[in-house]
Student: 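If you scroll down you'll find the structure; I have some questions about it.
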Amino acid sequence: MAIQISPSILSADFTHLADEAAAVSPNADWLHVDVMDNHFVPNLTLGLPIVESLARAADTPLDCHLMIEDPDTWAPGYAEAGAGSVTVHAKAADAPVRTLREIRNQGARAGLALNPAEPVEPYADLVGEMDMLLLMTVEPGFGGQKFLDVVLPKIRRAREILDSREASVWLQVDGGVSSETIERAAEAGADVFVAGSAVYGAQDPAGAVDSLRAQAASASGRG
Ligand code: DX5
Ligand code: ZN
């Protein structure tokens with residue numbers, strides 16, 4: 001699978017979201033949208049109405065990362081609102097299999113997310129239910145945090161699990177991904193990279209997307 005870059009609008013200017021989306025189009029593969037409810041994480045961002053508007057305004061498909069309680073109730077609505085991918089946190093979902101299936105039934109790709117301290121092995125049998133596995137490389141809630149190298153061995157183990165099952169499941173990393181850290185994550189086996197501050201904090205966000213992609217591609221040997 002080719003390397004993909006998903007800039008996180010958490011680090012963008014929320015008063016100009018359509019312009020910020022356009023600033024990384026067509027270079028970015030996805031636009032990462034962090035939905036936070038101030039319960040699952042101690043931060044509050046945006047919800048369905050903004051995702052609905054952004055899905056209409058942006059040329060890039062939306063990669064919605066739900067950091068919310070009760071994703072079983074809410075996640076299918078994000079797919080219905082036009083997101084191309086909807087990711088729920090394993091520990092927040094009461095019925096992850098049903099929820100992943102409902103996301104797919106609404107026509108979106110279904111993702112499952114794990115926090116840095118959560119092991120991947122218990123989810124090995126669920127690989128067939130997901131289109132993407134998201135391994136957080138910071139504790140979720142805020143942009144601009146430092147990449148947690150402690151997650152690297154888990155990225156390697158997750159890559160082995162996915163490869164051994166011959167599953168076409170993407171392996172995403174989110175948090176602290178930058179020109180300093182993306183090569184380590186790519187070498188470990190990640191293929192979809194979320195980057196907030198490294199893209200929107202750059203003078204040239206589209207150029208930052210291209211150079212992150214080039215670094216990841218050469219580190220991983222993937223095109
Ligand atoms: C953090 C969010 C990330 C965040 C990443 O909880 O899930 O998507 O925007 O920001 P950076 O790339 O700045 O660490
Ligand atoms: Zn995120």
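In each ligand, atom 1 is the first atom listed, and ligand 1 is the first ligand listed.
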Student: Provide, to 0.1 Å, the distance between atom 12 (O) of ligand 1 and the closest protein heavy atom, together with that atom's residue and name.
Tutor: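 Going by distance alone, atom 12 (O) of ligand 1 is nearest to G196 N, 2.8 Å.
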
Student: What pair of heavy atoms forms the shortest contact from Y200 to E20, and how long is it?
Tutor: OH-O, 2.7 Å

Student: If we ignore hydrogens and angles and just use 3.5 Å, is the side chain of R213 paired with the main-chain N or O of I3 as donor and acceptor?
Tutor: yes

Student: With a cut-off of 4.0 Å, which atoms of ligand 1 are near a heavy atom of V194?
Tutor: 8 (O)

Student: Is it true that E121 and R157 have a side-chain N and a carboxylate O under 4.0 angstrom from each other?
Tutor: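 Here E121 pairs with R157 in a salt bridge, since their nearest N and O are under 4.0 Å apart.
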
Student: Which residue and atom name correspond to the protein heavy atom nearest atom 1 (C) of ligand 1, and how close is it?
Tutor: F142 O, 3.5 Å

Student: Quick one: does G141 get an N or O within less than 3.5 Å of an N or O on ligand 1?
Tutor: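 Indeed, backbone or side chain, G141 has an N or O that close.
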
Student: Shortest non-hydrogen contact from A108 to S85?
Tutor: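 Heavy atoms of A108 and S85 come nearest at CB-N, 4.3 Å.
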
Student: Taking the six-membered ring of W170 (Phe, Tyr or Trp), confirm whether the NZ or CZ of R109 is under 6.0 Å from its centre and within 45° of its axis.
Tutor: yes

Student: Is it the case that D63 and Q172 place a side-chain donor and acceptor less than 3.5 Å from each other?
Tutor: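 There is such a pair (donor and acceptor under 3.5 Å, judged by atom type) between the side chains of D63 and Q172.
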
Student: Which ligand 1 atoms does A195 reach within 4.0 Å, using its non-hydrogen atoms?
Tutor: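 Here the atoms of ligand 1 in question are 12 (O).
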
Student: How far apart are the C-alpha atoms of R101 and E129, what are their side-chain angles, what is the distance that settles it, and do they pass the salt bridge (charged side-chain N to carboxylate O under 4.0 Å, His left out) test?
Tutor: CA-CA 7 Å; R101 288 183 181 185; E129 302 291 338; 2.6 Å; yes

Student: Looking only at protein heavy atoms, which one is nearest to atom 10 (O) of ligand 1, and what is the separation?
Tutor: G143 CA, 3.5 Å

Student: Mind checking what makes side chain to side chain donor-acceptor pair (under 3.5 Å) contact with T15, not counting sequence neighbours?
Tutor: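 In terms of side chain to side chain donor-acceptor pair (under 3.5 Å), with neighbours along the sequence ignored, T15 is linked to D13.
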
Student: Give the atom numbers and elements of ligand 1 that come within less than 4.0 Å of a heavy atom of D34.
Tutor: 2 (C), 3 (C), 4 (C), 7 (O), 8 (O), 9 (O)

Student: Does even one non-hydrogen atom of G176 get within less than 4.0 Å of ligand 1?
Tutor: yes

Student: If I apply the N/O under 3.5 Å rule, does G144 come out as touching ligand 1?
Tutor: yes

Student: Tell me which protein heavy atom sits closest to atom 13 (O) of ligand 1, plus the residue, atom name and distance to 0.1 Å.
Tutor: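 Heavy-atom neighbour on the protein nearest atom 13 (O) of ligand 1: S197 OG, 2.5 Å.
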
Student: Which of these, L134, N115, D174, has its nearest heavy atom closest to atom 7 (O) of ligand 1?
Tutor: D174

Student: Give the atom numbers and elements of ligand 1 that come within less than 4.0 Å of a heavy atom of H65.
Tutor: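 It comes down to these atoms of ligand 1: 7 (O).
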
Student: Looking at V41, T45, D37, which one forms a side-chain contact (heavy atoms from CB on, under 4.5 Å) with M67?
Tutor: V41

Student: Can you tell me the protein heavy atom closest to atom 9 (O) of ligand 1 and the distance?
Tutor: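 The closest one turns out to be S8 OG, 2.8 Å.
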
Student: So, is P140 polar-close to ligand 1, with some N/O to N/O distance under 3.5 Å?
Tutor: no

Student: What atoms of ligand 1 come within less than 4.0 Å of a heavy atom belonging to G175?
Tutor: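 Atoms satisfying the 4.0 Å criterion: 14 (O).
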
Student: Angle subtended at the Zn ion (ligand 2) by ND1 of H65 and OD2 of D174, to 10 degrees?
Tutor: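 About 90° at the Zn ion (ligand 2).
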
Student: Only heavy atoms of M67, strictly under 4.0 Å: list the atoms of ligand 1 that pass.
Tutor: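 The atoms of ligand 1 under 4.0 Å from a heavy atom of M67 are 6 (O), 7 (O).
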
Student: Between OD1 of D34 and NE2 of H32, what angle is found at the Zn ion (ligand 2), rounded to 10 degrees?
Tutor: 90°

Student: Say whether E139, considering both its backbone and side-chain N or O atoms, lies within less than 3.5 Å of an N or O atom on ligand 1.
Tutor: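 By distance alone, the answer is no.
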
Student: Identify the two heavy atoms, one from A79 and one from Q106, that lie closest to each other, and give their separation to 0.1 Å.
Tutor: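 So the two residues come closest at CB-CB, 3.5 Å.
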
Student: What are the atoms of ligand 1, with element, lying closer than 4.0 Å to any heavy atom of H32?
Tutor: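 The list of qualifying atoms is 8 (O).
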
Student: To the nearest 0.5 angstrom, please state how far the OG atom of S178 sits from the CG atom of L212.
Tutor: 7.5 Å

Student: Got a donor-acceptor contact below 3.5 angstrom from the N43 side chain to the F142 backbone?
Tutor: no

